[in-house]
Number of protein chains: 2
Amino acid sequence: MDNKLPECGVARFLELLEGPWATLIVRELLLGPKRFSELRQGLPGISPHTLTRRLRRFEEYGVVSRQVYAEVPPRVEYELTPLGLRLKPVLESMAEWSLSVPEPRSGVGAPQ
Amino acid sequence: MDNKLPECGVARFLELLEGPWATLIVRELLLGPKRFSELRQGLPGISPHTLTRRLRRFEEYGVVSRQVYAEVPPRVEYELTPLGLRLKPVLESMAEWSLSVPEPRSGVGAPQ
DNA sequence: CTGTATCCCCTGGGATACTG
DNA sequence: CAGTATCCCAGGGGATACAG
């Protein structure tokens, strides 16, 4: 999906948050550092397969750090980096906008 | 892709702007009303197939209006609705965030 | 506990060809 | 001009099974 499209920083943002789970994972991590299993609990229905891939991408982009503890049983904690924390206001503005959207097909009526 | 995920308005937003072209199309329309062919010119490489589907979704969500002029040759203009215009600050905050992202650090995890 | 490996489905997108 | 119709490929997700 990498492109030679017209330059637009927004594209990178959407790449990072692609898919319906990405933002939900970030939202979980905004509550604080979480272990893999804690994330699964907070995201009912997500498959480990999906969760892993999203977390890996977040690592690549530097929005999440992964801390492995050499314990038995193994423990891994994920935490938002400063860059990741800066996603918060952006997600909030997205959510705020979404609130003004009635429902697809249900008319254009802009409230207010 | 719709499911009974934890309620999160952000999901709807991402649904609307899914794919690499969506935001670019919005950006074009932020410059003012555009015809189908004008959009194609402003979005080098996009296929009519893709452009049409994105515009249809925008209509469904009420962020874009479609005005057909019964002329010869036919003319169709797309324009952001008030709701669509309100996307601007959101996209800007996304773009601003993106500027602070250096580059995806490939190599952190296993390739997908 | 923390993942990885498959297999399958769905949707976005490209390319091409073809109408109203 | 403004699309629609196919066909194909990629990546996201779900489900399940299995490994370190």
Rounded to the nearest angstrom, tell me the gap between atom [atom1] in [X] and atom [atom2] in [N].
{"X": "B:Leu51", "N": "C:dG14", "atom1": "CG", "atom2": "C1'", "value": "14 Å"}
{"X": "A:Glu38", "N": "C:dG3", "atom1": "CD", "atom2": "C1'", "value": "16 Å"}
{"X": "B:Leu17", "N": "D:dG12", "atom1": "CG", "atom2": "C1'", "value": "17 Å"}
{"X": "A:Ile46", "N": "C:dT4", "atom1": "CD1", "atom2": "P", "value": "14 Å"}
{"X": "B:Phe36", "N": "C:dG20", "atom1": "CZ", "atom2": "C1'", "value": "14 Å"}
{"X": "A:Glu15", "N": "D:dA10", "atom1": "CD", "atom2": "P", "value": "17 Å"}
{"X": "B:Leu55", "N": "C:dG13", "atom1": "CG", "atom2": "C1'", "value": "14 Å"}
{"X": "A:Arg40", "N": "D:dT16", "atom1": "CZ", "atom2": "C1'", "value": "12 Å"}

For [N] and [X] - does any side-chain N or O of the residue sit under 4.0 Å from the phosphate oxygens OP1/OP2?
{"X": "B:Arg56", "N": "C:dG12", "value": "no"}
{"X": "B:Tyr78", "N": "D:dG3", "value": "yes"}
{"X": "A:Arg53", "N": "D:dG14", "value": "no"}
{"X": "B:Ser37", "N": "D:dA2", "value": "yes"}
{"X": "B:Ser47", "N": "C:dA15", "value": "no"}
{"X": "B:Arg75", "N": "D:dA2", "value": "no"}
{"X": "B:Arg35", "N": "D:dC1", "value": "no"}

Ignoring hydrogens and geometry beyond distance, is a side-chain donor-acceptor pair present between B:Glu15 and B:Tyr61 at under 3.5 Å?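 Distance-only check passes for B:Glu15 and B:Tyr61.
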Does a salt bridge link A:Glu59 with A:Arg57, judged by any charged N lying under 4.0 Å from a carboxylate O?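 No.
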Do the side chains of B:Glu28 and B:Lys34 get close enough for a salt bridge, i.e. N-O under 4.0 angstrom?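 A salt bridge links B:Glu28 with B:Lys34.
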Quick one: label B:Arg57 by what it contacts on the DNA or RNA (base, sugar-phosphate, nothing), any heavy atom closer than 4.0 Å.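 Sugar-phosphate contact only.
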Using a heavy-atom cut-off of 4.0 Å across all strands, would you classify A:Tyr69 as base, sugar-phosphate, or nothing? nothing
Closest to the side chain of A:Thr52, out of D:dG3, C:dC1, C:dT4, is C:dT4
Taking for each residue the nucleotide of DNA chain C bearing the nearest heavy atom, is the 5' side occupied by A:Val76 or by A:His49?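 First, find each residue's nearest nucleotide; the 5'-ward one identifies A:Val76.
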Heavy atoms of other groups near A:Glu38 CD, more than 12 under 6.0 Å: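 Atom CD in A:Glu38 is crowded, with more than 12 foreign heavy atoms closer than 6.0 Å.
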With hydrogens left out and only the distance checked, is there a donor-acceptor pair under 3.5 Å joining B:Arg54's side chain and the base of C:dG12? no
Gap between atom CG of B:Leu39 and atom OH of B:Tyr78 - 0.5 Å precision: 8.0 Å
